[in-house]
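The sequence lines fix the lettering, A, B, ..., with proteins before strands; numbering per chain opens at 1. Since the model is a prediction, treat every value here as computed from it, not as a measurement.
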Number of protein chains: 2
Amino acid sequence: MMNSGPFTAEARHQNKSARTRARLMDAAVQVFARDGFEAASVNEIARMAEVANGTFYVHFKDKDAIAVEVAARIATDITDQIDRAMADIDDGLERFGFATRQFIEFASHQPQWGWVIIRAASFLPQMHRQMETHMCADLERGRRQGQITADIDAFLVDTIMSMVFAALAARLRGDAGPEAGSRVTELVLNMLNIPPQRAHAIAWQTIALKELHLPTRPRQERVSPPAEPVRLGPIQI
Amino acid sequence: MMNSGPFTAEARHQNKSARTRARLMDAAVQVFARDGFEAASVNEIARMAEVANGTFYVHFKDKDAIAVEVAARIATDITDQIDRAMADIDDGLERFGFATRQFIEFASHQPQWGWVIIRAASFLPQMHRQMETHMCADLERGRRQGQITADIDAFLVDTIMSMVFAALAARLRGDAGPEAGSRVTELVLNMLNIPPQRAHAIAWQTIALKELHLPTRPRQERVSPPAEPVRLGPIQI
DNA sequence: GCAATTATTGAGATATCTCCCATTTTTTCG
DNA sequence: CGAAAAAATGGGAGATATCTCAATAATTGC
């Protein structure tokens, strides 16, 4: 019923409970991606994981619990790895561009994760916020470096997030190709009034897209500090 | 159970069948807005409309059918009226700004409709496409008038739509005030490399926001032609 | 006012879901 | 190996959904 997924692979050498739990999480990803969160049923997740219905409840309180856990793991894995992959980039705008492109390309190589991210973003605020925090850190850096003059407030960040997610969705639907990340990066930089040439250069420079590993093997230590949270001011009129 | 809504009001002088149908549609709007499409149940819609469960099925095949009908009516009503309200504006960018601001302010004055629009957009492509078509017409006009130099393709339009919807969502959540429409308009115009001053002027000029009527009384004739569909080219790499 | 037509009703057949829990199977470890 | 602990099982009670249909009520036209 299922080609065992990344969580299962990670748990290969742990005890049985952990392995079953991992099976359930992989199954949940598949079902959430296929049916959406609301339409997904615990029965279907258990069936997909090839465990009995009751087993689910040994490991998770209910559907919400597994959704939160899956989404948190995915968000953490991706943001951590992107962070690590661009540890040596200093320029805030380049970091933004790299992260955006890496994120979209990665998520579209793992369409199930991609769909889960998109679907989860709308009703798991913690996941949304985590990604916002990371993005925000790079934008703030760009501002401190004098490249962005605009105020970076919640409305702006929210808008940029929606653009990145729209690009990812287009990529997942097949409406956009591998250029999606570059295109949306350039649009965002234009929006921030970065000089068009520079925006274009940043967005379209060839970069080494790392293959992200999912999930990170036995929880590695972070290489760079985890993106200092940025305090967003209230929206100004 | 329900303060009869706009569809009911419109159908006041029609026959009983039409009135019941309208009650169901108003109820559906409430339930969809409150619970979301997936979680909404036919039972709940019938209860809200204060009709028997079986009555629903006399009028609609199933939940999807009423969703499609409701969304289509809302989209048509809003786009038609915005079109009418700006019949005398020629400038493409000003039309875009006006429509965006009017749309967001209207939908946030009718939060139920606003939420339905947002929720419907993600899985009723026809609704999404209708709004895209209207928006696209104004942008194309701006391009023909020499104000936009960028290519207006599907990716760009999709991105702009996502920005407008994000602004609407922020407004509905209460995270943004009445300035949301102006802010997102300005961001879009910046993104299109309109000179910042002009972008600011267009986005923040005082405009007379009309109170939109919902739904249009006995189906009025259109004043202006219905926004010629714009053929979108394939996305270029 | 009365028959014909049209609309509504609500109980119920069927299905699916969630969640529990007594029982069985598997793993661990002295 | 064999007993204790841990994990998994799957049947089933109880909710809640969808959709149907024979019966009932309201409306219409003569």
Evaluate A:S182 against A:R101 for side-chain hydrogen bond (donor to acceptor under 3.5 Å, both in side chains), listing each step before the verdict. CA-CA 6 Å; A:S182 290; A:R101 293 167 68 181; 3.2 Å; yes
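With rounding to whole Å, B:I45 atom CD1 is found 8 Å from D:dT18 atom P. Put simply, CG on A:N53 is 19 Å from P on D:dA7, counting in whole angstrom units. Atoms OH (B:Y57) and C1' (C:dG10) sit 13 Å apart, rounded to a whole Å. As a whole-Å value, the separation of B:E38 CD from D:dT18 C1' is 16 Å. We find that NE2 of A:H59 is positioned 14 Å from P of D:dA6, with the value rounded to whole Å. Separating the CD atom of B:E44 from the C1' atom of D:dT18 is a distance of 15 Å, rounded to the nearest angstrom. Between the P atom of C:dG10 and the CZ atom of B:R47 lies a distance of 13 Å, rounded to the nearest Å. Counting to the nearest Å, the C1' atom of C:dC17 and the NZ atom of A:K61 are 15 Å from each other.
Under 4.0 Å is where a charged nitrogen must lie from a carboxylate oxygen, and between B:R34 and B:E44 at least one such pair does.
Toward the 5' end of DNA chain D, the nearer of the two residues B:K16 and B:N43, judged by each one's closest nucleotide, is B:N43. For the pair A:N15 and B:S41, nearest-nucleotide mapping onto DNA chain D gives the more 5' position to A:N15. Comparing B:F56 and A:T55 by the nucleotide of DNA chain C whose heavy atom lies nearest to each, the residue mapping closer to the 5' end is B:F56.
Side chains of B:F155 and A:L187 form a contact here, defined as non-hydrogen atoms less than 4.5 Å apart.
No N or O donor and acceptor, one from the side chain of A:D62 and one from the base of C:dC19, sit under 3.5 Å apart.
Taking the six-membered ring where the residue is Trp, the centroids of B:F7 and B:W113 are separated by under 6.0 Å.
Distances shorter than 4.0 Å separate some side-chain N or O of B:S17 from OP1 or OP2 on C:dA7.
Within the 3.5 Å criterion, the main-chain N or O of B:A33 finds a donor-acceptor partner in the side chain of B:R119.
Using a 4.0 Å heavy-atom cutoff across all strands shown, B:V42 reaches sugar-phosphate atoms only and no base atom.
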